[in-house]
Amino acid sequence: MLEINNISTFYGNIQALHDVSLKINEGEIITLIGANGAGKTTTLLSVSGIVQPKSGEILFKGEPIHRMKPDKIVQMGICQVPEGRHIFPYLTVSENLDMGAFLRKDREGIKKDLEQIYDLFPRLAERRHQQGGTLSGGEQQMLAISRALMARPRLLLLDEPSLGLAPLIVQQIFEIIKKIKEESGTTIFLVEQNANLALKVADRGYVMETGRVTMEDKASSLLSNEDVKKAYLGI
Amino acid sequence: MDYFLQLFLSGLTKGSIYALIALGYTMVYGIIQLINFAHGEIYMIGAFTALIVASVLTILGFSGLSILILAGIAAVIYSSAYGYTMEKIAYRPLRNAPRLSPLISAIGMSIFLQNYVLLAQTSDFLPFPALIPEFEFLKPVSHIMSSAELVIILSSAVIMVLLTFFIKFTRMGKAMRATAQDKKMARLVGIDVDKVISLTFIVGSSLAALGGILIASHIGQINFYIGFIAGIKAFTAAVLGGIGSIPGAVLGALILGWTESFATGYVSSDYEDVFAFALLVLILIFRPAGILGKSSAQKV
Ligand SMILES: Nc1ncnc2c1ncn2[C@@H]1O[C@H](COP(=O)(O)OP(=O)(O)OP(=O)(O)O)[C@@H](O)[C@H]1O
Ligand SMILES: [Mg+2]
């Protein structure tokens, strides 16, 4: 479904990605793990068109998207929940969700999806008229994921959804990720520092070090890999 | 009491015009953190467009109110085109440059437009036709309020209500607020940020053009320099209210209008500007973010 072929991405003169290649099949959850500064966020931003790779290509359903503008990429069905959630702080919860559906025209469908989201997250329903910036971290993460779902993505990119959240909330978030995949068949590209949890929900995993993909395997195999255990699982 | 009322209403009139211009400053600032120094010139160009169209329509035999409306539409279209183009050629290429660069570009744009109109027209004041008719029913209170004042106050109020509605409830209005608050996230939900910025310039320029035609037909003369003066006042109003905040711009403009009007009426017309800018200094000392300004991120 998504094919990243040998991309190199730069910030000014700093090369953040070196020939990164990676593949996601339809209906899969894949995870990309790696230390701080490895280039995980840059990989996701390259897919969304926020930064453009200098070389290499990104194909979505066979079509090149690496020169497209971000709004065109969203239009194709790729949505991202960025690192740090990026809730619109002065829009209400319901306006934040409206923005998720910005490119959709089917009013009826939007309304139905909104109700579904409110059923799934009663906390958001209670706070629908509250400004996004006033929500707790966990609530903001739920809102960020919900906002992305409002676009009915075919491919969902999640950048460290567990960052800074209490263990109980993290559990909840991962339950939701599983549920999204099972109920709507959405393909998921999950970036995580919490390698243990990520590898447990994912089908396959990639390990990234200083801008390069260094390992790629079935998630279960990575979980039992000695190097991964030592470096990322803290065992 | 009549005198007080008269000053109150003339302050409200002035304030309404300042508000129409200040909204453009504050909306542009809210979305790209740029003080668009050339915004006053857009207002001036609106007034000139209206003058030219009004002169032609007068020759063609149109009457007062219909000229006002047609000339207003022409001014809005022409000023919007200028605002849109200005952003495209003078600010967009500098989007990622240090903040001082677009500011200098804006000052350059302002000087360019002033001189361009100066050369194309004249440096003299040109008479502007009184397009707002005298209403019969205002005759008994004409010493308190003129027809022009009534029209300016009412049309500004309607325009501001429409603007609020647009920004609060429409899809593009929400996209504008979202873009002002977080551009990267706006892109990630599929908003074409460049388009939203263009739209902001178009809306701001339209409001300034309307302000231009209303005040020109009230005062009765225009020249190439009116944009500079009005621009500074409106900018003051926007800062006073809290730059980036829409209700702030309106509030700041009204306070400024009243300050000037009462200072003129009870002290001396020489002190109009002294009071206006003294007020600005005081606000900036005690509330640097402006009356309704949030200290950092709140925009539009
Ligand atoms: N806007 C930027 N300007 C310059 N360098 C950047 C920028 N963003 C990231 N980098 C650099 O690119 C490299 C990769 O960063 P990236 O954010 O992709 O890492 P990451 O794997 O997501 O890290 P983390 O786990 O901390 O989120 C880092 O060396 C970082 O310093
Ligand atoms: Mg990151």
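These numbers were taken from a predicted model, which means no experiment stands behind them. Chain naming here is simple, since letters A, B, ... match the order of the sequence lines and numbering starts at 1 in each.
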Considering only heavy atoms and a distance below 4.5 Å, find which of A:Leu91, A:Leu45, A:Ile87, A:Ile78 pairs most often with chain B. A:Leu91

Does A:Glu95 come within less than 4.0 Å of B:Arg177, counting only side-chain N to carboxylate O? yes

Minimum-distance pair of heavy atoms, taken over all atoms of A:Pro53 and A:Ile7: CB-CB, 3.8 Å

Between B:Ser198 and B:Arg92, a side-chain donor and acceptor under 3.5 Å: yes

B:Lys168, part contacting chain A, at a heavy-atom distance under 4.5 Å: backbone

Kindly compute the distance separating CD1 (B:Ile291) from CG (B:Leu251), expressed to the nearest 0.5 Å. 5.0 Å

One should read off an interatomic distance between A:Gln193 CD and A:Glu160 CD, to the nearest 0.5 angstrom, of 4.5 Å

Can you tell which of A:Pro82, A:Gly49, A:Ala101, A:Cys79 has the highest number of heavy-atom pairs within less than 4.5 Å of chain B? A:Pro82

Checking heavy atoms, do the side chain of A:Gln75, its backbone, both or neither come under 4.5 Å from chain B? neither

Which bit of A:Asn96 is near chain B, if near means a heavy-atom gap under 4.5 Å: side chain, backbone, both or neither? neither

